[in-house]
Amino acid sequence: MVGAVQGAGVVVTGAGGGIGAALARRFAAEGGRVVVNDLDAGKAKAVADEIGGIAVPGDASAIVAEAKDALGGVVDVYCANAGVGSGGSEAAPEEVWALAWDVNVMAHVRAAQALLPDWLERGSGRFVSTVSAAGLLTMIGAAPYSVTKHGAYAFAEWLSLTYRHRGVKVHAICPQGVRTDMLDATGSAGDLVLVPTAIEPQDVADALFKGIEEDRFLILPHPEVAGYYEARAADPDRWLTNMNHLQQKWEAAQ
Ligand SMILES: NC(=O)c1ccc[n+]([C@@H]2O[C@H](COP(=O)([O-])OP(=O)(O)OC[C@H]3O[C@@H](n4cnc5c(N)ncnc54)[C@H](O)[C@@H]3O)[C@@H](O)[C@H]2O)c1
């Protein structure tokens, strides 16, 4: 049981399934009052009914005001979890790039715009960003996803370094493969890189709660990602050559 969550007003976006549903279940089990958001109203309602939460369906970019009302005026924890997979190369259609920016980055920015005035006034608030290991490392075959997840990571980092002395806690969750509908949709690149070490959505929730207890920004449900991230920083060309070998292996398998 994490004391910080007992009785807290919690919002989880994209919580109709996958990682978001696992986060919503865990926050509810820890005593949080949970708003379950999803674009799919039926899925949001099903999870909300299951956990005794409140469904607030709609686009994650525009739900803070409604969620705040539903929680009696205070959002203590906001999980910016909704995301889109957005595979493809530089040639992915403009709409694919635009949606990836909108959901994977700008929804986080817009939520922060709506949340920060209250949080800074109260001197407390917790922003949880479901990024991805692709935000630290880059995913083969998925330029829009990799670029926007790097953006989501950068925004979480910026929030943390800007407001940590004012009571705002930020966590960036960066898993590799997690067994959800999104993983199923990643195709042969996901089969090669993500599926072999995939974990369950509740493992991601466990990692977040451990990180909350330990007051850590970077949450790595796959601990090996720390070593890859270190290798990338230490020797970018060597790391890129290794990633390119993976790319070539993927091309050969298609
Ligand atoms: N599954 C993985 O392997 C994996 C790995 C790393 C990071 N992630 C990230 O985890 C997060 C959750 O993904 P998941 O794997 O649970 O996928 P998922 O497809 O199971 O769930 C995503 C949910 O978000 C909802 N959604 C999409 N756009 C929305 C919007 N604009 N507003 C509100 N809801 C919206 C969808 O309806 C869906 O229910 C995403 O940000 C994803 O990038 C996933």
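Every heavy atom of this structure was used, including side-chain atoms; hydrogens, water molecules and symmetry mates were not.
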Between the main-chain N or O of [Y] and the side-chain N or O of [X], is there a donor-acceptor pair closer than 3.5 Å?
X      : Y      : answer
Ser146 : Ala143 : no
His108 : Phe155 : no
Ser160 : Ala156 : no
Asn104 : Val84  : yes

Non-neighbouring partners of His165 that pass side chain to side chain contact (heavy atoms under 4.5 Å, CB included), sequence neighbours left out: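 His165 satisfies side chain to side chain contact (heavy atoms under 4.5 Å, CB included) with no other residue.
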Could you list the residues that satisfy side chain to side chain contact (heavy atoms under 4.5 Å, CB included) with Pro93, not counting sequence neighbours?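 Scan of Pro93 (side chain to side chain contact (heavy atoms under 4.5 Å, CB included), adjacent residues dropped) gives Glu95, Val96.
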If you apply the rule side-chain contact (heavy atoms from CB on, under 4.5 Å), what do you find for Trp158 with Tyr153, and how did you get there? CA-CA 9 Å; Trp158 184 89; Tyr153 188 77; over 6 Å; no
Donor-acceptor contacts, no H, no angles, side chain residues 227-240, under 3.5 Å, sequence neighbours left out:
unit_1	atom_1	unit_2	atom_2	d
Arg232	NE	Leu136	O	3.3
Arg232	NH1	Leu136	O	3.3
Asp235	OD1	Arg238	N	3.3

Tell me yes or no: between the side chains of Asn81 and Thr130, is some donor less than 3.5 Å from an acceptor?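 Yes - a donor-acceptor pair under 3.5 Å links their side chains.
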Pairs under 3.5 angstrom only: tabulate donor-acceptor contacts from the side chains of residues 183-201 to other protein residues two or more places apart or in another chain.
unit_1	atom_1	unit_2	atom_2	d
Thr186	OG1	Leu183	O	2.7
Ser188	OG	Trp250	NE1	2.9
Glu200	OE2	Arg179	NH1	2.5

Would you check, one step at a time, whether the test ring-ring contact (aromatic ring centres under 6.0 Å, His included) holds for Phe27 with Phe209? CA-CA 9 Å; Phe27 274 107; Phe209 272 74; 4.9 Å; yes
Which donor-acceptor pairs under 3.5 Å do the side chains of residues 64-71 make with protein atoms, sequence neighbours left out?
unit_1	atom_1	unit_2	atom_2	d
Lys68	NZ	Asp118	OD2	2.7

Applying salt bridge (Lys or Arg N to Asp or Glu O under 4.0 Å), name anything that partners Arg110, two or more places apart in sequence or on another chain.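 So Arg110 forms a salt bridge (Lys or Arg N to Asp or Glu O under 4.0 Å) with Asp102.
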